[in-house]
There are 2 protein chains.
Amino acid sequence: MVREVEVPEIVVRRLPIYVRALAQLEAQGVKTISSLELGRYIGITAAQIRKDLSYFGEFGKQGRGYEVSHLLREIKRILGLTRVWPMVVVGAGRLGQAIASYDGFKPRGFEVVGVFDNDPAKIGQPVGHLVIRDVSELPAAVRAHDIKIGIVAVPAAEAQKVADLMVQAGIRAILNYAPTALHVPAGVRVEDIDPVVTLQSMTYYLVNSESRDPAGTACPGAAEG
Amino acid sequence: MVREVEVPEIVVRRLPIYVRALAQLEAQGVKTISSLELGRYIGITAAQIRKDLSYFGEFGKQGRGYEVSHLLREIKRILGLTRVWPMVVVGAGRLGQAIASYDGFKPRGFEVVGVFDNDPAKIGQPVGHLVIRDVSELPAAVRAHDIKIGIVAVPAAEAQKVADLMVQAGIRAILNYAPTALHVPAGVRVEDIDPVVTLQSMTYYLVNSESRDPAGTACPGAAEG
DNA sequence: GGATGTGAAAGTGTTCACAGCC
DNA sequence: GGCTGTGAACACTTTCACATCC
């Protein structure tokens, strides 16, 4: 298949889940896996995995399944993970510092290369192996290193201002930790990470499941064959 | 309408977004809002908001729109946010400590009441106004305070073991920060927060948008973490 | 007049089921 | 025999459009 149809966004969102699982399986020494087994492992149906992959090509062998390291490499290529993506973080509070010094980015394709804040007391302080810089220096840094990804880690009240600055500087993807909706022009992506929003949807099921559904979805990765 | 039909999960996931927006609007002194205005504010269509709300009742006034504080109160009630939910955190590394001392939970209906780890060097150390306890004490704490929500903040390799322990202790909702899929019995919910998974889907659009779509969806505002 | 609430239509996404290949 | 890749069927979600009511 040669991608005549646009790939649904929801499929793209699942690919990183496959990458994560395949990397674990590869580390465990698993050489080959069927869509059924992979599905059980990550809680998705086998048909869905096969369908998702079919948007990009044919990666399996009939009767055998998929070669783990080959499939992993292919999906990484599709997602643009053959390189390391530099990122900037704005906001050097507790959250921003935790993000900036998180060592889980590098092995999965990302690297924080700059941390910015507007608090004079913070500027100049070290965070991991970086030094907090004044946010006014952000545009130059973004342009100098052609950085496409920005992380917003400031309070909600300042998040839009920071997003505007990032967009102005040329950032095209924003990971937003501030608990507020950001408005950006077409051509820029925003993804929110707000644990409270996530928790608040779980409480719905905690209070609405006494008798009926004993509380939500079961283990997916169902049957088929 | 009296809820004859089960509420779609995707609708439940949007309700916290409405809560977040309405709380901000209320704080700004906005008294009344139409579905169109609210939709613009959070990047969702007006029809979608009206449809979502229709699963739970009639909250607006035709010709007027919605009274902000009334709608906020109603959605919070639907989500079970009229109380504060106690939570336990397992994993007292940098991430677990950041979570345990995050002050953004309390004003939005959650409170970390226990932090656990299995590292003798950490046990007894203070985190915020809590003290790190041995993970073996978790079940008793969960039962004693009837805690339903657990947060997993340990390395991927230990996450399943921790989830099993939580489930065994009576936890019914898990917020999983470990970058791995958890398996839990029906009746227990899991939500993952893995910023790398989120970033990895954004890179797809960074790499695949030279000409066609100038890089993804327009005004976002939705989503979660 | 103006905005809600909602059936019906349109659009998306998932699952089925099986031909085809290893 | 076993498992992929994929049209077709089915299920779900969003959008439309308008009767209804303030």
Side-chain angles (χ1 to χ4, degrees), chain A residues 1-15 17-18 22 30-68 70-71 74-75 201 217-218 220-225, chain B residues 1-15 17-18 22 30-68 70-71 74-75 201 213 217-223:
Chain A
M1 208 226 195
V2 195
R3 192 146 95 234
E4 303 130 4
V5 178
E6 201 53 45
V7 178
E9 177 164 330
I10 193 158
V11 171
V12 174
R13 285 176 187 272
R14 275 192 294 263
L15 296 183
I17 304 287
Y18 301 160
L22 291 166
V30 177
K31 297 298 181 204
T32 278
I33 195 163
S34 68
S35 60
L36 189 65
E37 293 167 316
L38 181 58
R40 285 223 188 85
Y41 189 71
I42 60 190
I44 288 185
T45 66
Q48 178 134 79
I49 291 171
R50 296 200 302 274
K51 188 64 143 182
D52 284 355
L53 297 178
S54 77
Y55 284 100
F56 304 98
E58 309 192 356
F59 306 107
K61 287 194 176 52
Q62 281 146 326
R64 299 283 165 81
Y66 303 89
E67 207 233 307
V68 171
H70 174 245
L71 183 57
E74 288 295 308
I75 303 180
S201 66
T217 201
E224 188 266 341
Chain B
M1 207 222 195
V2 194
R3 191 149 93 235
E4 303 130 2
V5 178
E6 202 52 45
V7 179
E9 178 165 329
I10 195 160
V11 171
V12 174
R13 284 177 187 274
R14 275 192 295 264
L15 296 183
I17 304 288
Y18 301 160
L22 290 166
V30 177
K31 298 297 181 203
T32 278
I33 196 163
S34 68
S35 58
L36 188 65
E37 293 166 316
L38 181 58
R40 284 220 190 87
Y41 189 71
I42 60 188
I44 288 185
T45 66
Q48 179 138 80
I49 290 171
R50 295 201 302 275
K51 188 65 146 183
D52 284 354
L53 297 178
S54 76
Y55 283 100
F56 304 98
E58 309 192 357
F59 305 107
K61 287 194 177 52
Q62 280 148 328
R64 298 285 164 79
Y66 303 89
E67 207 234 308
V68 172
H70 174 246
L71 183 56
E74 288 295 309
I75 304 180
S201 67
D213 176 19
T217 201
C219 266

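Computation of the quantities below employed the complete heavy-atom set of this structure, encompassing side-chain atoms and omitting hydrogens, waters and symmetry-equivalent molecules. Below, chain A is the first sequence line, B the second, and so on; all start at residue 1.
Computed from coordinates, the A/L53 CG to C/dG13 C1' distance equals 16 Å when rounded to whole Å. When the P atom of C/dT4 is taken as reference, atom CG of B/L71 falls 11 Å away, rounded to whole Å. At whole-Å resolution of the value, CG in A/D52 and C1' in D/dT4 are 14 Å apart. Separating the CZ atom of A/R14 from the C1' atom of C/dT12 is a distance of 12 Å, rounded to the nearest angstrom. In this structure, B/I10 atom CD1 and C/dG11 atom C1' are separated by 14 Å, rounded to whole Å. Rounded to whole angstrom, the span from the OH atom of A/Y55 across to the C1' atom of D/dT6 amounts to 10 Å. Taking atom CZ of A/R13 as the reference point, atom P of C/dG13 lies 11 Å away to the nearest angstrom. Remark: P of C/dG2 and CD of B/E37 are 13 Å apart, rounded to the nearest angstrom.
In terms of the side chain to side chain contact (heavy atoms under 4.5 Å, CB included) criterion, residue partners of A/E37 (sequence neighbours excluded) are, by chain and number, A/I33, A/S34. With sequence neighbours excluded, the residues satisfying side chain to side chain contact (heavy atoms under 4.5 Å, CB included) with A/E67 are A/S69, A/H70. Judged as a side-chain hydrogen bond (donor to acceptor under 3.5 Å, both in side chains), and not counting sequence neighbours, the contacts of B/S35 are B/R50. A search for side chain to side chain contact (heavy atoms under 4.5 Å, CB included) contacts involving B/Q48 returns B/R14, B/Y18, B/I44, B/T45, B/D52, not counting sequence neighbours.
Phosphate proximity of C/dG5 to B/Y66: present, with a side-chain N or O under 4.0 Å from OP1 or OP2. A close approach under 4.0 Å does occur between a side-chain nitrogen or oxygen of B/S35 and OP1 or OP2 of C/dT4.
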Sugar-phosphate means primed atoms, P, OP1 and OP2; the rest is base. With that split, encode nucleotides 15-22 of chain D 5' to 3' as B, S or - using protein heavy atoms under 4.0 Å.
-> BBB--BBB
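Here the closest heavy-atom approach between residue A/F59 and residue A/L53 is recorded as CE1-O, 3.5 Å.
Taking OG1 of B/T32 as the start and CG of B/L38 as the end, the distance is 12.0 Å to the nearest 0.5 Å.
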